[in-house]
Amino acid sequence: MQTRRKFLQDAALTTGALIAGNGIVNDALAGEGTERLIILHTNDTHSRLEPFPMDGGRNQGLGGVAARAEQIRKIRAEGAEVLLLDAGDIFQGTPYFNFYKGEPEMRAMAAMGYDACTMGNHDFDAGLENFVAQLGKATFPVLNCNYDFTGTPMENKSMPYKIFRKGKLKIGVTGVGIEMRGLVPDNLYGNTKYLDPVQHASATAHYLKKEKDCDMVICLSHLGYKYRENKVSDEILAKESSHIDLIIGGHTHTFFDAPVVYKNKTGGDVTVNQVGWAGIVLGRLDYAFQRNKRKKLEASHTVIIGKKSSE
């Protein structure tokens, strides 16, 4: 992982190069029988609806939902199939959440056309009842397969997975969340039961790949990238799971130089990516699926959101 300063410098250059070369990529992928899919993703946006103020801070001018929406609109205008996802911690971090408890965040994501999200620990910060109320403003599902919400206000309000049809492709998406005990006050998550994320993500991915014949399985994870201590993470999930193709992570606010590829239990590739925090970066992964449904990550790039400050 890079420092934040070098990451933003390199990302700005990479984004420009990829935009300039987009026609070349399109031509290369235009062969007969090839299906294209662009996966856009965010994580840990933390109620940052507006750009950081121009106050001399290191993030000044970056982020904001208006600039993010414009970038998403431009990418969709390229004509490829697009899947827009979020890996949790939508709430908490600005006065918008303190006053409105998540409603403007959900409405903004709905307006941008998010396909799905998972939940992070801060999405419980105003309690389960509030999270249910804010989901009423969403037009997209919240996905999680390792929280048991039986007997709580969230019962039947989330989904363990969802299958998206993008062109001729079937993309299965699931989600996993972090252990909340010791991280979230007990009264805010109530009787929610935490289940083993590796076991449940693997079982869900197996079902999506083998029973539902999905061309790709994505796991939205709020476990965190990796830890020094023995704690379940995206790295562990990638290595100990099977049938997951891509993990879109959150929680640790990690700026990836580029996606990291691990080998899973059966020797298959698992790609892991995460794009920092506060919505200052939009992740973009360009996949090509051949007629035999073999897939390849053709390009990965980070799109800087807002006007980059001089540093």
Inset, instruction - Give the C-alpha distance, both sets of side-chain angles, the deciding distance and a yes or no for salt bridge (charged side-chain N to carboxylate O under 4.0 Å, His left out) between D245 and K209. - result: CA-CA 10 Å; D245 299 298; K209 190 70 70 74; 3.1 Å; yes

Inset, instruction - Check for a donor-acceptor pair, side chain of D115 on one end and backbone N or O of L84 on the other, with a separation under 3.5 Å. - result: yes

Inset, instruction - Could you verify whether a donor N or O on one side chain and an acceptor N or O on the other, from T42 and Y114, lie under 3.5 Å apart? - result: yes

Legend entry - Pairwise side-chain hydrogen bond (donor to acceptor under 3.5 Å, both in side chains) hits with a residue in residues 176-186, at least two apart: D186-Y189

Inset, instruction - Output yes when a side-chain donor or acceptor of Y147 lies under 3.5 Å from a complementary backbone atom of I178, and no otherwise. - result: yes

Legend entry - S233 side chain to I236 backbone, donor-acceptor under 3.5 Å: yes

Inset, instruction - Ignoring hydrogens and angles, state whether a donor on the side chain of Y262 or E235 is under 3.5 Å from an acceptor on the partner side chain. - result: yes

Legend entry - ILVMFWY network linking Y161 to L37, side-chain heavy atoms under 4.5 angstrom: no

Inset, instruction - Give a yes or no on whether L208 and L83 share a hydrophobic cluster (residues Ile, Leu, Val, Met, Phe, Trp, Tyr; joining criterion: side-chain heavy atoms under 4.5 Å apart). - result: no

Legend entry - H251, H222, Q92 screened by side-chain contact (heavy atoms from CB on, under 4.5 Å) with H122, the one that passes: Q92

Inset, instruction - Check the surroundings of atom CG in D196: do more than 12 heavy atoms from other residues, nucleotides or ligands lie under 6.0 Å from it? - result: yes

Inset, instruction - Verify whether one side chain among T252 and Q274 offers a donor that lies under 3.5 Å from an acceptor in the other. - result: yes

Inset, instruction - Assess the side chains of S158 and N144: does a donor N or O sit below 3.5 Å from an acceptor N or O? - result: no

